[in-house]
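Below is one structure, written out as structure tokens; comments come after it.
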Amino acid sequence: MRTGGGRPPRAADMKKDVRILLVGEPRVGKTSLIMSLVSEEFPEEVPPRAEEITIPADVTPERVPTHIVDYSEAEQSDEQLHQEISQANVICIVYAVNNKHSIDKVTSRWIPLINERTDKDSRLPLILVGNKSDLVEYSSMETILPIMNQYTEIETCVECSAKNLKNISELFYYAQKAVLHPTGPLYCPEEKEMKPACIKALTRIFKISDQDNDGTLNDAELNFFQRICFNTPLAPQALEDVKNVVRKHISDGVADSGLTLKGFLFLHTLFIQRGRHETTWTVLRRFGYDDDLDLTPEYLFPLLKIPPDCTTELNHHAYLFLQSTFDKHDLDRDCALSPDELKDLFKVFPYIPWGPDVNNTVCTNERGWITYQGFLSQWTLTTYLDVQRCLEYLGYLGYSILTEQESQASAITVTRDKKIDLQKKQTQRNVFRCNVIGMKNCGKSGVLQALLGRNLMRQKKIREDHKSYYAINTVYVYGQEKYLLLHDISESEFLTEAEIICDVVCLVYDVSNPKSFEYCARIFKQHFMDSRIPCLMIAAKSDLHEVKQEYSISPTDFCRKHKMPPPQAFTCNTADAPSRDIFVKLTTMAMYPEDHYRDRLSRDMGHTDRIENLRKIWVFLKTAFHARLRCMCTCNRCTFCICQNFLNSDLLQSVKNKIFTAVLNRLRARVAEWGAMLLADDEGSITHQVHAVRSVEDSIFMESSHGPLFLEARHVTQADLKSSTFWLRASFGATVFAVLGFAMYKALLKQR
């Protein structure tokens with residue numbers, strides 16, 4: 001949801017309420033001040049202590065509920081006083097301007113007492129209140145100023161009169177302001193300059209607002225900054241006035257008609273020195289900072305609900321933002337970020353988020369610099385694997401501010417449940433995860449680096465401590481750009497549940513290592529044989545001499561047995577970039593897993609369908625062969641008699657017998673092969689053997705009348721079908737000839 005032009009955050013967004021405590025010597029007018037504020041008139045009778053008063057949010061300038069608490073030494077104990085101090089957000093120390101003793105007690109009693117009850121690093125803001133100003137004609141400020149300079153926790157001093165209602169509202173406004181817009185975190189009065197934490201926060205804000213990264217805020221950027229922070233633009237003359245103020249005080253505050261970082265910091269120092277803390281705090285809170293000048297968890301980690309079996313991806317608006325971020329820091333326009341450019345990009349982060357392994361996770365140029373495609377890929381990877389970290393990173397970059405969105409959560413798309421994709425037989429996802437499984441040194445790293453277009457020579461330059469277990473790049477499938485994420489799974493006896501979850505599995509074995517395939521076969525049988533996750537077998541290092549694998553059956557037969565695609569030969573030892581064919585296949589299988597699952601279940605059914613068609617043809621032939629056609633003619637010379645004699649001839653019967661004999665011999669040979677295979681496979685089960693025999697037995701049909709056999713075998717190969725095609729065509733041609741002859745006979749008979 002958009003925020004309607006970027007509403008600046010109020011202090012109410014940061015504080016739920018403000019608690020003001022009034023302390024001081026007896027009879028200085030604490031209770032009178034509270035009652036004058038509430039009744040707007042001086043009370044004739046003043047009680048020893050006023051009850052706690054709550055001012056609703058809608059009647060306070062900052063729209064924050066405010067609680068005002070009175071203290072009476074006569075009615076309350078020291079323990080109660082200490083408890084009130086611990087609960088207060090700001091304390092007003094009241095003295096009488098006409099009573100020097102009460103002024104001395106400010107430093108001798110009250111400030112030390114309050115500081116003893118608070119941490120040194122989190123002092124409560126103090127307001128000095130000089131009451132009864134109506135009784136004197138002079139000011140107490142000369143006496144109070146040294147005290148204010150001595151104690152930095154004193155925000156301000158206000159002289160007022162409960163009797164004349166002078167500065168009563170201002171007193172409580174300053175008290176509320178001291179809580180909502182404290183000076184302490186921003187400014188150091190002794191050194192008369194902003195504190196380092198404030199400078200660091202404002203520097204980050206400046207760099208985010210400098211959208212063209214030229215080191216200055218031009219008029220358009222200043223107007224955008226003004227609008228998102230204060231919800232109102234600046235008039236051209238107002239912009240010039242601001243820049244003139246900066247020019248007047250510092251020489252390098254304005255450059256090329258733009259406000260520099262020094263000028264930006266000077267303006268905020270000026271705001272603070274003139275008591276306009278709320279201006280700086282409004283800016284800080286708009287950019288996500290709390291009272292301690294830390295980015296709030298609510299800003300960095302907005303709520304994002306992710307149901308089970310759903311993944312997270314960046315949407316189109318997020319990619320546009322990242323594209324503009326890349327262009328902003330790609331100063332030399334070479335479509336790659338140099339180390340200095342990348343360092344400049346991460347200056348708005350509290351730490352460097354990417355390590356050297358990122359360069360081996362995404363695409364880089366020849367110099368090892370992350371390219372534009374690699375930049376987007378790394379963000380895609382982070383979003384998929386750790387969406388909370390992605391939200392945090394986008395927060396550092398100021399995504400919600402620059403795009404004027406409610407939060408970074410608007411950059412994330414939560415995909416629908418994978419079960420729905422399977423039901424609808426289509427997916428809306430753009431990122432697919434492939435777990436790469438295999439023995440150590442089988443070539444998995446080569447597969448990962450090949451996705452990034454790196455051959456063996458480039459892979460040898462990768463340092464071991466810079467190795468990455470992930471690789472991500474774009475792959476085009478049917479004209480659609482998708483992201484394929486490869487994850488190198490370490491070798492282990494059993495995979496964890498997290499290592500099984502993926503969209504497609506890549507099983508890698510080394511063709512030159514005889515022990516390599518056994519691990520892939522074992523992992524497949526343990527975790528993926530009965531799952532719907534598609535699997536692809538990769539014969540890595542195919543440029544080396546292939547040796548026989550120490551397994552009961554060959555990898556090709558293993559894939560055929562388990563209805564998998566045949567092993568894909570692959571090598572990284574190429575002059576140019578390795579082939580991307582396997583990555584297209586993996587992505588396609590991940591996009592259409594249901595199609596692959598149906599292929600595994602019905603790969604043999606394609607042969608069965610062909611056999612079924614042949615069976616139908618045979619039924620037609622059988623009917624034609626054995627039809628009893630009645631005719632009055634018995635001359636054995638007409639067309640009908642010739643056709644009838646041909647159908648009953650020994651030649652045609654010999655053709656039929658040869659067809660079924662050939663098919664039967666082929667089937668017997670295949671049965672023998674299957675039996676040997678099942679006996680040799682020490683992991684094969686009795687159930688599988690029985691199923692194979694039954695499938696053969698069920699495929700044989702007997703005909704009692706003429707004795708021909710029709711075979712319906714699910715495992716008849718393509719070669720078996722081709723060997724009998726000639727005889728089937730010959731029989732079919734003879735039948736057509738007979739039918740045409742009979743039709744001609746009928747026509748001649750009618751003419752008679």
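Hydrogens, waters and symmetry mates are skipped; everything else that's a heavy atom, side chains included, is used.
In this structure, CD1 in Ile412 is found 9.5 Å from CD in Gln388, a value given to the nearest 0.5 Å. The structure places CD1 of Ile111 at 6.5 Å from CD1 of Ile147, a figure rounded to the nearest 0.5 Å. Atom NZ of Lys347 is separated from atom CD1 of Ile352 by 10.0 Å, given to the nearest 0.5 angstrom. A distance of 9.0 Å separates CZ in Arg389 from CZ in Phe301, rounded to the nearest 0.5 Å. Atoms CD and NZ, on Glu341 and Lys328 in that order, are 13.5 Å from each other to the nearest 0.5 Å. Atom CG in Leu33 sits 11.0 Å away from atom CG in Asn167 (nearest 0.5 Å).
Val362 places none of its side-chain heavy atoms less than 4.5 Å from the side chain of Leu381. Put simply, the side chain of Met148 reaches to within 4.5 Å of the side chain of Leu128, judged on heavy atoms. Using a 4.5 Å heavy-atom cutoff, the side chains of Ser36 and Pro43 are in contact. Put simply, the side chain of Leu180 reaches to within 4.5 Å of the side chain of Val18, judged on heavy atoms. Side-chain contact between Phe326 and Leu376 is absent, with no heavy atoms from C-beta onward closer than 4.5 Å.
Side chain of Thr312 to backbone of Thr383: a donor-acceptor contact under 3.5 angstrom is found. For Gln83 (side chain) and Glu79 (main-chain N/O), no donor-acceptor pair under 3.5 Å exists by modelled atom type. Formation of a donor-acceptor pair under 3.5 Å by the Ser251 side chain with backbone atoms of Arg247 is not found in this model. Under a 3.5 Å cut-off, the side chain of Asp290 and the backbone N or O of Leu293 do form a donor-acceptor pair. A donor-acceptor pair under 3.5 Å is absent between the side-chain atoms of Asn164 and the main chain of Lys166, judged by distance alone. With hydrogens and angles ignored, the 3.5 Å screen pairs a side-chain donor or acceptor of Arg333 with a backbone N or O of Asp327. Of the possible polar contacts, none joining the Asp70 side chain to the Ile34 backbone as a donor-acceptor pair under 3.5 Å is found. Remark: side-chain polar atoms of Asp256 are not paired, donor with acceptor, to backbone N or O of Gly258 under 3.5 angstrom. A distance-only check finds a donor-acceptor pair linking the side chain of Arg286 to the backbone of Ile228 [under 3.5 Å]. In this structure, the side chain of Asp386 does not engage the main chain of Thr382 through any donor-acceptor pair within 3.5 Å.
In terms of heavy-atom proximity, Leu284 sits nearest to Ala201 at CD2-CB, 3.8 Å. For the pair Met35 and Glu45, the tightest heavy-atom approach, listed with the atom from each and the gap, is CE-O, 4.4 Å. Smallest separation of non-hydrogen atoms from Leu304 and Val387: CD2-CG2, 3.8 Å. Nearest approach of Asp17 to Asn89, heavy atoms of both residues: O-OD1, 3.8 Å. Here the closest heavy-atom approach between residue Tyr299 and residue Gly395 is recorded as OH-O, 2.6 Å. Of all the heavy atoms in Gly253 and Val246, the pair that sits closest is CA-CG1, 3.6 Å.
Using a 4.0 Å cut-off between a side-chain N of Lys or Arg and a carboxylate O of Asp or Glu, Glu73 and Arg109 qualify as a salt bridge. Between Lys243 and Asp219 there is a salt bridge, since at least one side-chain N of the basic residue sits less than 4.0 Å from a carboxylate O of the acidic one.
Residues meeting the salt bridge (Lys or Arg N to Asp or Glu O under 4.0 Å) test with Glu153, sequence neighbours left out: none. Scanning for side chain to side chain contact (heavy atoms under 4.5 Å, CB included) contacts around Thr415 gives Cys310, Thr311, Glu313, Arg429, with sequence neighbours left out. Taking Asp357 as the reference, nothing meets the side-chain hydrogen bond (donor to acceptor under 3.5 Å, both in side chains) condition, with sequence neighbours excluded. With sequence neighbours excluded, no residue forms a salt bridge (Lys or Arg N to Asp or Glu O under 4.0 Å) with Asp212. For Ala178, the side chain to side chain contact (heavy atoms under 4.5 Å, CB included) partners are Val90, Pro125, Ile127, Glu155, not counting sequence neighbours. Residues that satisfy the side chain to side chain contact (heavy atoms under 4.5 Å, CB included) test with Leu81, not counting sequence neighbours, are Val23, Tyr71, Ile85, Trp110, Leu113. Listed by chain and residue number, Asp252 satisfy the salt bridge (Lys or Arg N to Asp or Glu O under 4.0 Å) test with Lys262 (two or more places apart in sequence, or in another chain). Residues that satisfy the side chain to side chain contact (heavy atoms under 4.5 Å, CB included) test with Glu193, not counting sequence neighbours, are Glu191. Qualifying side-chain hydrogen bond (donor to acceptor under 3.5 Å, both in side chains) partners for Tyr319, counting only residues two or more places apart in sequence or in other chains: Thr380. Checked against salt bridge (Lys or Arg N to Asp or Glu O under 4.0 Å), Glu52 has the following partners two or more places apart in sequence or in another chain: Arg19.
Using a 3.5 Å distance cut-off with no hydrogens or angles, the side chains of Asp344 and Asn213 do pair a donor with an acceptor. In this structure, a donor-acceptor pair under 3.5 Å is present between the side chains of Tyr396 and Glu392. Between the side chains of Ser400 and Gln405, no donor N or O sits under 3.5 Å from an acceptor N or O. Side-chain N/O atoms of Tyr393 and Gln408 include no donor and acceptor closer than 3.5 Å. For Tyr289 and Arg204, the side-chain atoms include at least one donor-acceptor pair closer than 3.5 Å.
Aromatic rings of Tyr372 and Phe375 (six-membered ring for Trp) have centroids beyond the 6.0 Å cut-off, not under it.
Around NZ of Lys163, the count of heavy atoms belonging to other residues, nucleotides or ligands within 6.0 Å does not exceed 12.
Residues in residues 134-146 take part in these side-chain hydrogen bond (donor to acceptor under 3.5 Å, both in side chains) pairs, two or more places apart or across chains: Tyr95-Ser140, Asp134-Ser161, Ser139-Glu159, Ser140-Glu159. Residue pairs meeting the ring-ring contact (aromatic ring centres under 6.0 Å, His included) criterion with at least one partner in residues 232-275, sequence neighbours excluded, are Phe206-Phe264, Phe225-Phe264, His249-Phe266, Phe264-His268, His268-Phe271.
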>> Evaluate Trp379 against Leu394 for side-chain contact (heavy atoms from CB on, under 4.5 Å), listing each step before the verdict.
In response: CA-CA 10 Å; Trp379 279 95; Leu394 289 174; 3.9 Å; yes
>> Test side-chain contact (heavy atoms from CB on, under 4.5 Å) on Ile103 and Ile144; report intermediate values, then the result.
In response: CA-CA 8 Å; Ile103 297 176; Ile144 296 301; 4.1 Å; yes
>> For a side-chain contact (heavy atoms from CB on, under 4.5 Å) check, start with the C-alpha distance between Val28 and Glu25, then their side-chain angles and the critical distance, and finish with the verdict.
In response: CA-CA 6 Å; Val28 294; Glu25 294 300 298; 4.0 Å; yes
> Going through the distances and angles, do Leu222 and Asn218 end up as a side-chain contact (heavy atoms from CB on, under 4.5 Å)?
Replying inline: CA-CA 6 Å; Leu222 281 172; Asn218 57 37; over 6 Å; no
